[in-house]
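Encoded as structure tokens, the structure appears first; notes follow it.
Counting from 1, the numbers follow the sequence of the chain as shown.
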Amino acid sequence: MKSLRGERLSAEYQKAVYEVISTKLKDKTDRIKGIVSVTKADVSPDLKNAKIWISVFARNAQESADTFSAIEEHAGFIRYELAHRMQMRTVPELHFVWDDTMEYGDKIDRLIKEIHKGEEN
């Protein structure tokens with residue numbers, strides 16, 4: 001079970017990573033397309049590693065993959081920016097994980113709409 005401090009830190013990192021991606025990283029590179037969400041952050045108990053779940057909702061799969069790739073490539077930059085935002089002794093190494101919940105939700109919405117269209121006809 002995770003400690004209260006670990007849960008708070010994970011929530012803070014989730015917010016801070018989102019802010020860095022949506023402001024600083026978007027200004028730094030033009031490869032960030034679509035809607036980027038940081039859905040979850042999990043900081044290890046020793047504060048040396050953090051898994052960050054990223055969800056990208058773009059026009060197509062290629063844009064989503066390119067955006068995620070850009071985020072992964074700029075992990076060092078994001079960590080650098082976090083060091084300036086967070087008042088922590090150490091900033092964990094960031095490991096990004098693809099989260100497809102937004103795409104799955106969109107697919108379910110489309111299927112439900114198709115079912116309702118079929119019932120009306």
Side-chain angles (χ1 to χ4, degrees):
M1 189 156 126
K2 205 167 193 181
S3 68
L4 183 61
R5 179 174 188 252
E7 288 179 20
R8 279 195 325 244
L9 279 175
S10 293
E12 288 299 318
Y13 275 108
Q14 182 179 351
K15 285 187 248 178
V17 168
Y18 172 75
E19 289 173 5
V20 170
I21 290 171
S22 64
T23 57
K24 300 276 185 171
L25 190 57
K26 268 194 173 181
D27 293 342
K28 183 177 172 102
T29 180
D30 60 346
R31 291 177 53 202
I32 306 295
K33 306 266 196 259
I35 301 169
V36 177
S37 296
V38 178
T39 56
K40 183 180 175 185
D42 188 19
V43 181
S44 66
D46 63 358
L47 305 178
K48 293 190 180 197
N49 293 293
K51 280 187 180 177
I52 311 293
W53 279 264
I54 301 289
S55 180
V56 180
F57 190 68
R59 282 185 254 176
N60 55 46
Q62 181 60 38
E63 274 190 8
S64 295
D66 191 41
T67 298
F68 185 76
S69 167
I71 291 169
E72 282 185 316
E73 289 171 13
H74 289 89
F77 172 76
I78 295 169
R79 186 177 182 197
Y80 174 80
E81 288 296 323
L82 286 176
H84 290 289
R85 289 175 186 255
M86 309 282 288
Q87 299 299 317
M88 300 288 297
R89 186 178 304 161
T90 60
V91 176
E93 183 177 335
L94 304 175
H95 305 279
F96 294 102
V97 179
W98 181 267
D99 186 3
D100 64 350
T101 54
M102 287 177 68
E103 294 159 357
Y104 180 74
D106 184 53
K107 178 182 174 183
I108 296 298
D109 282 344
R110 282 187 274 125
L111 290 173
I112 290 172
K113 286 177 184 176
E114 285 178 22
I115 290 170
H116 286 295
K117 281 183 183 178
E119 289 175 358
E120 290 174 0
N121 293 333

In terms of hydrophobic clusters joined by side-chain contacts under 4.5 Å, are [X] and [Y] together?
| X | Y | answer |
| --- | --- | --- |
| Ile71 | Trp98 | yes |
| Tyr18 | Val20 | yes |
| Met86 | Ile21 | yes |
| Val56 | Val97 | no |
| Tyr104 | Phe57 | no |

Heavy atoms only: give me the nearest [X]-[Y] pair and the separation to one decimal.
| X | Y | value |
| --- | --- | --- |
| Val43 | Pro92 | CG1-CG, 4.5 Å |
| Phe96 | Ala75 | CE1-CB, 3.7 Å |
| Ser10 | Ala41 | CB-O, 3.2 Å |

Separation of [Y] [atom2] from [X] [atom1] (nearest 0.5 Å):
| X | Y | atom1 | atom2 | value |
| --- | --- | --- | --- | --- |
| Ser44 | His95 | OG | NE2 | 8.0 Å |
| Lys51 | Leu94 | NZ | CG | 13.5 Å |
| Ile112 | Lys117 | CD1 | NZ | 13.5 Å |
| Asp100 | Lys107 | CG | NZ | 10.0 Å |
| Ile35 | Ser22 | CD1 | OG | 12.5 Å |

Taking the side chain from [X] and the backbone from [Y], do they hold a donor-acceptor pair closer than 3.5 Å?
| X | Y | value |
| --- | --- | --- |
| Lys48 | Pro45 | no |
| Thr39 | Ile54 | no |
| Ser55 | Ser37 | no |
| Arg79 | Val91 | yes |
| Gln14 | Val38 | yes |

[X] vs [Y] side-chain heavy atoms within contact, under 4.5 Å:
| X | Y | value |
| --- | --- | --- |
| Glu81 | Glu19 | no |
| Trp53 | Asp42 | yes |
| His74 | Thr29 | yes |
| Leu9 | Met88 | yes |

Cation-aromatic face contact Lys28/Phe77, 6.0 Å, 45 degrees | yes
Step-by-step salt bridge (Lys or Arg N to Asp or Glu O under 4.0 Å) determination, Asp66 to Arg31 = CA-CA 7 Å; Asp66 191 41; Arg31 291 177 53 202; 3.1 Å; yes
Pair Arg59, Ser64: side-chain N/O donor-acceptor within cut-off below 3.5 Å = no
Between Thr67 and Glu63, is any side-chain donor less than 3.5 angstrom from a side-chain acceptor?
-> no
Salt bridge (Lys or Arg N to Asp or Glu O under 4.0 Å) between Asp106 and Arg110, worked out = CA-CA 6 Å; Asp106 184 53; Arg110 282 187 274 125; 3.3 Å; yes
